[in-house]
Amino acid sequence: MFSLKDKTAVITGASGGIGLSTTKRFIEAGAKVFIGDIKDSTELANNLGCTWVKTDVSNEESVKNLMEKASEDHGKIDILVNNAGIVLPNKNIANADVNEYKRALDINLMGVVYGMKYGQRHMNTGGAIVNNSSLAGIIGFAGYGAYCTSKAAVVEITRVAAIELADQNIRVNCICPATVNTSMAYAKGNELELKLAEATLPQRRLCEPEEIAALIHFLSSDDCKFLSGQAINVDGGYTAGIAMPIIENMLGDAE
Ligand SMILES: NC(=O)c1ccc[n+]([C@@H]2O[C@H](COP(=O)([O-])OP(=O)(O)OC[C@H]3O[C@@H](n4cnc5c(N)ncnc54)[C@H](O)[C@@H]3O)[C@@H](O)[C@H]2O)c1
């Protein structure tokens, strides 16, 4: 069940956080993994038994090269996880900086677009693509216009790709996590979001990267053959409604 034996997987942004947890899980499930990360991951890849290809997902040629390298061994890619992403410091629209918006779109959106453009060329029928969006792609967070916009676009390009690639029997889904316990959650300028997450997530804890990797694993496996074009919230119940203890806390604070 959920075996990835004999599968070739490409995971971007896998030198840390969610990508690294996913890489470890995929290797355990039998996959041959190619990491596409901007950060030198030679030692990490050697230790894990996978391959690092230096990749900047915002650069089209760089992503093309990653897909070509990954497909060389078995002549195909079975699974593509477009995970690499960045968050920008908290800044309201009143102070919007065009360069920050462009950077968010270049990495968070175009990284996914390039991944799908070049990845699908090497995928056999029955392949799976998982894009990493965010809960910020589903609901708005004040101060995160650049990030939210780029992640909302990932949700929509996922739907478009799912329809376009259905003929090739390639499934495309995206995941929308709330705050995950990785270095991104503790990024400078992100302090407010971290406080908000800890105060408002119904389970009163951050999501662990392994919990996201488990969903990516399921979505990538052949056991998940009829699920495509979906954006799946992984938020501990955040979007289901407001938990009573949180309301009590808020009312208590207001008194
Ligand atoms: N941590 C969270 O709270 C959270 C919540 C929702 C969604 N996400 C999304 O999950 C994904 C992974 O985030 P994470 O929390 O593991 O963060 P992380 O910062 O721990 O890891 C991000 C990885 O992406 C790599 N990277 C950054 N820019 C790159 C580029 N241009 N080309 C290639 N690689 C690049 C980094 O080197 C790093 O290995 C991101 O897309 C992020 O937006 C994270």
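Atoms within a ligand are numbered from 1 in the order they appear, just like the ligands themselves. We count residues from 1, following the sequence as given.
Regarding atom 6 (C) of ligand 1, its nearest protein heavy-atom neighbour is Pro177 O, 3.2 Å. Annotation: atom 44 (C) of ligand 1 to nearest protein heavy atom, Met184 SD, 3.7 Å. In this structure, atom 4 (C) of ligand 1 lies nearest to the protein heavy atom Val180 CG2, 4.0 Å. For atom 18 (P) of ligand 1, the nearest non-hydrogen atom of the protein is Ser183 OG, 3.8 Å. At the shortest separation from atom 8 (N) of ligand 1 among protein heavy atoms lies Tyr147 OH, 3.6 Å. With hydrogens left out, the protein atom closest to atom 34 (N) of ligand 1 is Ile38 N, 3.4 Å, a heavy atom. Protein heavy atom at the shortest distance from atom 40 (C) of ligand 1 is Asn83 O, 3.2 Å. Remark: minimum distance from atom 36 (C) of ligand 1 to any protein heavy atom is reached at Asp37 OD1, 3.6 Å.
Contacts between Ala178 and ligand 1 below 4.0 angstrom, taking non-hydrogen atoms only, involve the backbone exclusively. Heavy atoms of Thr55 found under 4.0 angstrom from ligand 1 belong exclusively to the backbone. For Thr182, every heavy-atom contact with ligand 1 shorter than 4.0 Å involves the side chain, none the backbone. With a 4.0 Å cut-off on non-hydrogen atoms, Ser133 touches ligand 1 through its backbone and not its side chain.
Under a hydrophobic clustering in which Ile, Leu, Val, Met, Phe, Trp and Tyr are joined whenever their side-chain heavy atoms come within less than 4.5 Å, directly or via other members, Val112 and Phe34 fall into the same cluster. Clustering ILVMFWY residues whenever any of their side-chain heavy atoms sit less than 4.5 angstrom apart, transitively, puts Ile138 in the very cluster that holds Tyr238.
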(message) I'd like to know whether Tyr114 forms a side chain to side chain donor-acceptor pair (under 3.5 Å) with Asn82, so could you lay out the CA-CA distance, the side-chain angles of the two residues, the decisive distance to 0.1 Å, and finally the verdict.
(response) CA-CA 9 Å; Tyr114 296 146; Asn82 289 308; over 6 Å; no
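In terms of N/O distances under 3.5 Å, ligand 1 is approached by Ser15. The shortest N/O to N/O separation between Ser134 and ligand 1 does not fall below 3.5 Å. Residue contacts with ligand 1: Val57 is placed with a nitrogen or oxygen under 3.5 Å of a nitrogen or oxygen of the ligand (distance criterion only). Ligand 1 has an N or O atom lying under 3.5 Å from an N or O atom of Ile18, backbone or side chain. Considering backbone and side-chain atoms alike, Asn132 places an N or O below 3.5 Å from some N or O of ligand 1.
Contact atoms of ligand 1 toward Thr179: 3 (O) (distance under 4.0 Å to a heavy atom of the residue). Heavy-atom proximity to Gly17, at under 4.0 Å, picks out these atoms of ligand 1: 16 (O), 20 (O). Within the listing of ligand 1, atoms 39 (O) sit less than 4.0 angstrom from a heavy atom of Gly16. Close contacts of ligand 1 with Asp56, meaning ligand atoms under 4.0 Å from a residue heavy atom, involve 30 (C), 31 (N), 32 (N).
In this structure, Glu156 pairs ionically with Arg159, as a charged nitrogen and a carboxylate oxygen lie closer than 4.0 Å. Salt-bridge formation is detected for the pair Lys64/Glu68: a Lys NZ or Arg NE/NH1/NH2 atom is positioned less than 4.0 Å from an Asp or Glu carboxylate oxygen.
The shortest heavy-atom contact between Leu109 and Ala153 is CD1-CB, 3.8 Å.
Looking only at side-chain heavy atoms (C-beta outward), Glu164 and Gln120 stay at 4.5 Å or farther from each other. Considering only heavy atoms from C-beta on, Phe26 comes within 4.5 Å of Ile216 through its side chain.
Within the 3.5 Å criterion, the main-chain N or O of Lys195 finds no donor-acceptor partner in the side chain of Glu198. Of the possible donor and acceptor atoms, none in the side chain of Asp56 sits under 3.5 Å from a partner among the backbone N and O of Ser62. With Ser221 contributing its side chain and Phe218 its backbone, the two residues share a donor-acceptor pair below 3.5 Å.
Within 6.0 Å of the NZ atom in Lys76, the count of heavy atoms belonging to other residues, nucleotides or ligands exceeds 12. Atom CD1 of Ile93 has 12 or fewer neighbouring heavy atoms from other residues, nucleotides or ligands inside a 6.0 Å radius. Atom CD1 of Ile242 has 12 or fewer neighbouring heavy atoms from other residues, nucleotides or ligands inside a 6.0 Å radius.
Contact between Lys151 and ligand 1 is present, with at least one heavy atom of the residue lying under 4.0 Å from the ligand. Distances shorter than 4.0 angstrom do not occur between any heavy atom of Thr12 and any atom of ligand 1.
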